[in-house]
Amino acid sequence: MSVSMTAPLALITGASRGLGLETARQLGARGYRLAIAARDEVRLAAAHKELASLGHDVRAQTVDMAYPPSVSALGHWAVGLGPLACLVNAAGILPGQGHNESVLAAREDDVSAAIAVNALGPWRLVRAVAAGLADNATIVNVSSGLGALTDMGGGYFAYRASKTMLNVLTRTLAAELAPRGIMVNSVCPGWVKTDMGGPNATRTIAEGASGIVWAATLKPGGPSGGFFRDGKTIDW
Ligand SMILES: NC(=O)c1ccc[n+]([C@@H]2O[C@H](COP(=O)([O-])OP(=O)(O)OC[C@H]3O[C@@H](n4cnc5c(N)ncnc54)[C@H](OP(=O)(O)O)[C@@H]3O)[C@@H](O)[C@H]2O)c1
């Protein structure tokens, strides 16, 4: 699909693979210009090539979401491409993968890394792009049911803590950006067959991404400050 320079611009982190890449595919198919970011240069270049081969207007920039100057540089780059209609914070890590780490066994560096990448990175990126967000823009924080306090159990301490903090960003930012009509929501994609979710996950990547795309493409006046799965509210 060829799109004009006036097409809405979406910035998507974690777009080298998994849910971020599929979100880019789906937004591209809806006519968005795509600004994609991830850490690994080779995987990001492959994603860029694939999206361009589908006919999408796509640019790519590497970023380490754990490193503040890199996040600032990403924001500066994206704002330079035009007003942002949409920001999808999909980059994320599940530290100690497969270990279901308990509070007592969690490693200091895993807890710090999860909070840095999954929560502080999105906070820093929002600050870096805030002035370049269009009125009625959408911000989607890709969160997780593992960050929901209501039915929180043991294990996954670092990841849970980071996603609960990401949900704090959603709530506070939604209130603060409401005067500009900007809609900020957390989305849980469910348990998805990605590198992170693993082969036993219950949902396809396309199924998981559809709820992210739903929140990214909300019309002006749509919900803000919510926690959703498949477009339906879930408990915090
Ligand atoms: N899969 C699930 O079941 C599930 C469930 C609930 C929530 N989620 C959330 O959904 C989001 C996407 O997950 P996924 O399953 O698609 O994971 P994934 O396949 O492991 O992909 C993770 C993405 O995040 C990027 N990333 C990781 N660390 C980064 C860093 N420091 N700086 C920049 N980019 C970084 C990766 O880039 P590189 O390729 O460069 O490493 C990759 O693009 C995450 O926030 C995750 O927590 C997933």
Side-chain angles (χ1 to χ4, degrees), residues 11-26 34-48 50-51 60-75 77-78 87-98 100 109-110 112-125 128 139-148 156 158-167 169-170 185-213 215-216 227-230 234:
L11 170 60
I12 305 151
T13 69
S16 57
R17 54 198 166 103
L19 287 158
L21 175 56
E22 177 60 18
T23 298
R25 287 190 196 103
Q26 293 189 19
L34 304 171
I36 63 168
R39 187 179 36 178
D40 186 276
E41 202 173 344
V42 174
R43 276 196 291 265
L44 185 66
H48 179 275
E50 188 213 304
L51 292 164
Q61 166 93 355
T62 53
V63 66
D64 182 349
M65 291 299 289
Y67 184 53
S70 177
V71 178
S72 301
L74 174 67
W77 170 80
L87 165 63
V88 179
N89 282 307
I93 54 169
L94 174 60
Q97 191 144 16
N100 188 12
D109 54 354
D110 282 346
S112 302
I115 290 172
V117 174
N118 297 353
L120 296 178
W123 168 62
R124 291 176 178 130
L125 185 55
I139 297 175
V140 185
N141 291 326
V142 183
S143 186
S144 168
L146 289 174
Y156 301 105
Y159 187 75
R160 287 186 193 278
S162 70
K163 292 299 188 181
T164 303
M165 186 172 174
L166 181 64
N167 288 348
L169 177 69
T170 295
N185 292 293
S186 282
V187 170
C188 171
W191 186 24
V192 182
K193 290 184 212 305
T194 61
D195 292 339
M196 183 187 292
N200 297 328
T202 50
R203 315 194 78 195
T204 66
I205 297 179
E207 284 167 344
S210 67
I212 299 171
V213 170
F227 194 10
F228 296 97
R229 185 182 295 128
D230 297 329
I234 59 173

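As the structure lists them, so they are numbered: ligands from 1, and atoms in each ligand from 1. These numbers come from the heavy atoms of this one structure, side chains and all, not from hydrogens, waters or symmetry mates. Computed from a prediction, not measured in an experiment: that's the story for all the values here. Numbering of residues begins at 1 and proceeds along the displayed sequence.
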Task: Pairwise side-chain contact, Leu21 with Ser16, heavy-atom cut-off 4.5 Å (strictly under) - done: no
Task: Which residues share a salt bridge (charged side-chain N to carboxylate O under 4.0 Å, His left out) with Glu50, sequence neighbours left out - done: Arg25
Task: Any side-chain heavy-atom pair of Asn141 and Asn185 under 4.5 Å - done: no
- [ ] For ligand 1, list the protein residues that place a heavy atom within a distance below 4.0 Å of one of its atoms, sorted by chain and number.
- [x] Gly14, Ala15, Ser16, Arg17, Gly18, Leu19, Ala38, Arg39, Asp40, Arg43, Val63, Asp64, Met65, Ala90, Ala91, Gly92, Ile93, Val117, Val142, Ser143, Ser144, Tyr159, Lys163, Pro189, Gly190, Trp191, Val192, Thr194, Asp195, Met196, Gly197
Task: pair Thr13-Leu125: side-chain heavy atoms closer than 4.5 Å - done: yes
Open item on the list: One thing to verify: whether Asp195 and Arg43 come together as a salt bridge, which I'm taking to mean a side-chain N less than 4.0 angstrom from a carboxylate O.
Closed with: no
Task: Leu87 side, atom CG; Ile139 side, atom CD1 - distance, nearest 0.5 Å - done: 5.5 Å
